[in-house]
Amino acid sequence: MKIANLGTKADTEKLIKKLIPDNQIRKEILEFLSGLIHRSIQQNNSNWNVNLDKNGKFLRFHVGSLMAMEVTKKKVLVACIRTLLEKMNEENKLDCSYKGYLGKKAIENRNIEKIPGYCTTIPDSIGVTLDLSSKPVHVTILQDPACEFVDQAQNTIIVRKLKRVHSTGAIEFLNEEVHLQLRNPDYIKDDISEK
């Protein structure tokens with residue numbers, strides 16, 4: 001199976017800075033993403049990927065077969081566990097919308113009560129969408145419900161297609177930006193941390 005690099009660190013840096021131009025928001029989002037990746041590495045370093053669209057339209061993080069986070073030019077979507085989110089949201093009123101699916105139809109609303117589950121494999125899941133035009137984004141508030149989603153998503157298996165589109169350049173860029181030493185998944189033969 002051929003694994004695509006999907007960009008060098010320099011290419012990745014250009015695309016991510018174009019996707020998230022504001023330095024403060026970019027730092028907040030990349031630190032949050034790095035924390036979720038670190039959690040996945042600790043649990044199963046063969047069951048996740050980071051996928052950066054070659055045209056810079058999105059940056060996605062999958063755990064197993066599920067999308068745990070997506071960053072686009074205007075918003076960030078974080079998959080969470082609903083019960084933890086509801087408890088957390090009683091204390092911190094989030095300015096967000098929620099996303100779930102009825103079959104393949106996406107349902108989005110600012111009222112959490114009107115939203116079905118985000119994915120059928122994790123019935124208590126819900127997507128949380130934050131607007132990237134507000135500063136700060138407050139994505140870190142979602143840490144506990146997002147980490148629990150990552151933990152439960154480890155029970156699914158990453159598909160070959162996701163392995164093929166993993167971006168080693170994105171991991172290299174994240175390491176430089178947030179001063180960590182994240183490893184690429186075990187299915188990547190030439191891990192950048194070994195260079």
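Values below: all heavy atoms of this structure, side chains included; hydrogens, waters and symmetry mates excluded.
- Under the 4.5 Å side-chain criterion, counting only non-hydrogen atoms from C-beta, Lys27 is not in contact with Glu177.
- From Glu148, atom CD reaches atom OG of Ser125 across 11.5 Å, with rounding to the nearest 0.5 Å.
- Under a 3.5 Å cut-off, the side chain of Arg82 and the backbone N or O of Ile112 do form a donor-acceptor pair.
- Side-chain contact between Gln154 and Val63 is present, with at least one heavy-atom pair separated by less than 4.5 Å.
- Residues Phe173 and Val178 are members of one and the same hydrophobic cluster, defined by side-chain heavy-atom contacts under 4.5 angstrom among Ile, Leu, Val, Met, Phe, Trp and Tyr.
- The side-chain heavy atoms of Val71 and Leu132, taken from C-beta on, include a pair separated by under 4.5 Å.
- Salt-bridge check for Asp53 with Arg60: failed, with every basic side-chain N at 4.0 Å or more from each acidic carboxylate O.
- Looking at Glu176 and Lys9, a side-chain N of the basic residue comes within less than 4.0 Å of a carboxylate O on the acidic one, giving a salt bridge.
- Salt-bridge annotation for Asp151 and Arg39: present, with a side-chain N of the basic residue lying under 4.0 Å from a carboxylate O of the acidic one.
- When all heavy atoms of Ser40 and Val150 are compared, the pair lying nearest together is OG-CG1, 3.4 Å.
- Residues Arg183 and Trp48 approach most closely at O-CZ2, 3.3 Å, considering heavy atoms.
- Contact check for Asn45 versus Tyr187: no side-chain heavy atoms found under the 4.5 Å cut-off.
- Atoms CG and OG1, from Leu66 and Thr121 in turn, are 4.5 Å apart once rounded to the nearest 0.5 Å.
- Pairing each heavy atom of Ala170 with each of Val50, the nearest pair is CB-CG1, 3.8 Å.
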Under the side-chain contact (heavy atoms from CB on, under 4.5 Å) rule, what do Ser167 and Thr12 come out as? Steps first, then yes or no, please.
-> CA-CA 8 Å; Ser167 174; Thr12 301; 4.1 Å; yes

Could you please spell out the steps behind the salt bridge (Lys or Arg N to Asp or Glu O under 4.0 Å) verdict for Asp11 and Lys54?
-> CA-CA 9 Å; Asp11 294 336; Lys54 64 182 177 181; over 6 Å; no

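- The two residues Val128 and Cys80 make their nearest non-hydrogen contact at CG2-SG, 3.9 Å.
- For the pair Asn47 (side chain) and Thr156 (backbone), a donor-acceptor distance under 3.5 Å is present.
- Between Ser97 and Glu108, the shortest heavy-atom distance links the atoms OG-OE1, 4.2 Å.
- Counting only heavy atoms from C-beta outward, the side chains of Ile81 and Gln152 approach each other to under 4.5 Å.
- In this structure, Cys96 and Arg110 have side chains that are not in contact, with every pair of non-hydrogen atoms separated by 4.5 Å or more.
- Rounded to the nearest 0.5 Å, atoms CD1 (Ile126) and OH (Tyr101) are 12.0 Å apart.
- Counting non-hydrogen atoms of neighbouring residues, nucleotides and ligands closer than 6.0 angstrom, the NZ atom of Lys73 exceeds 12 such neighbours.
- For the pair Glu28 (side chain) and His138 (backbone), a donor-acceptor distance under 3.5 Å is present.
- Following chains of ILVMFWY side-chain contacts shorter than 4.5 Å, one can reach Leu130 starting from Leu19, so the two form part of one hydrophobic cluster.
- Atoms CE and CG, from Met69 and Leu33 in turn, are 5.0 Å apart once rounded to the nearest 0.5 Å.
- A 4.5 Å side-chain heavy-atom check between His62 and Leu162 finds at least one atom pair inside the cut-off.
- Rounded to the nearest 0.5 angstrom, Phe32 CZ and Gln143 CD are separated by 5.0 Å.
- Using modelled atom types, one finds no donor on one side chain facing an acceptor on the other under 3.5 Å when comparing Thr168 with Asn184.
- Without hydrogens or angle criteria, Asn51 side chain to Leu59 main chain gives no donor-acceptor distance under 3.5 Å.
- Phe58 and Val159 sit in two unconnected hydrophobic clusters of ILVMFWY residues. Membership requires side-chain heavy atoms under 4.5 Å apart, directly or through other members.
- By the criterion of side-chain heavy atoms lying less than 4.5 angstrom apart, applied directly or through intervening Ile, Leu, Val, Met, Phe, Trp or Tyr residues, Leu77 is not grouped with Ile29; the two fall into different hydrophobic clusters.
- Using cut-offs of 30° and 60° on the angle between ring planes, the pair Tyr118 and Phe149 is perpendicular.
- Judged by distance alone, the side chain of Asn55 and the main-chain N or O of Lys57 form no donor-acceptor pair under 3.5 Å.
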side-chain contact (heavy atoms from CB on, under 4.5 Å) between Leu174 and Ile37, worked out = CA-CA 10 Å; Leu174 280 170; Ile37 292 170; 3.6 Å; yes

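- Closest non-hydrogen pair, Ile141 versus Pro145, comes out as O-CD, 4.4 Å.
- Hydrophobic clustering (side-chain heavy atoms under 4.5 Å, transitive across Ile, Leu, Val, Met, Phe, Trp, Tyr) keeps Leu36 apart from Met67.
- Note that CD1 of Ile158 and CG of Asn49 are 4.5 Å apart. Values are rounded to the nearest 0.5 Å.
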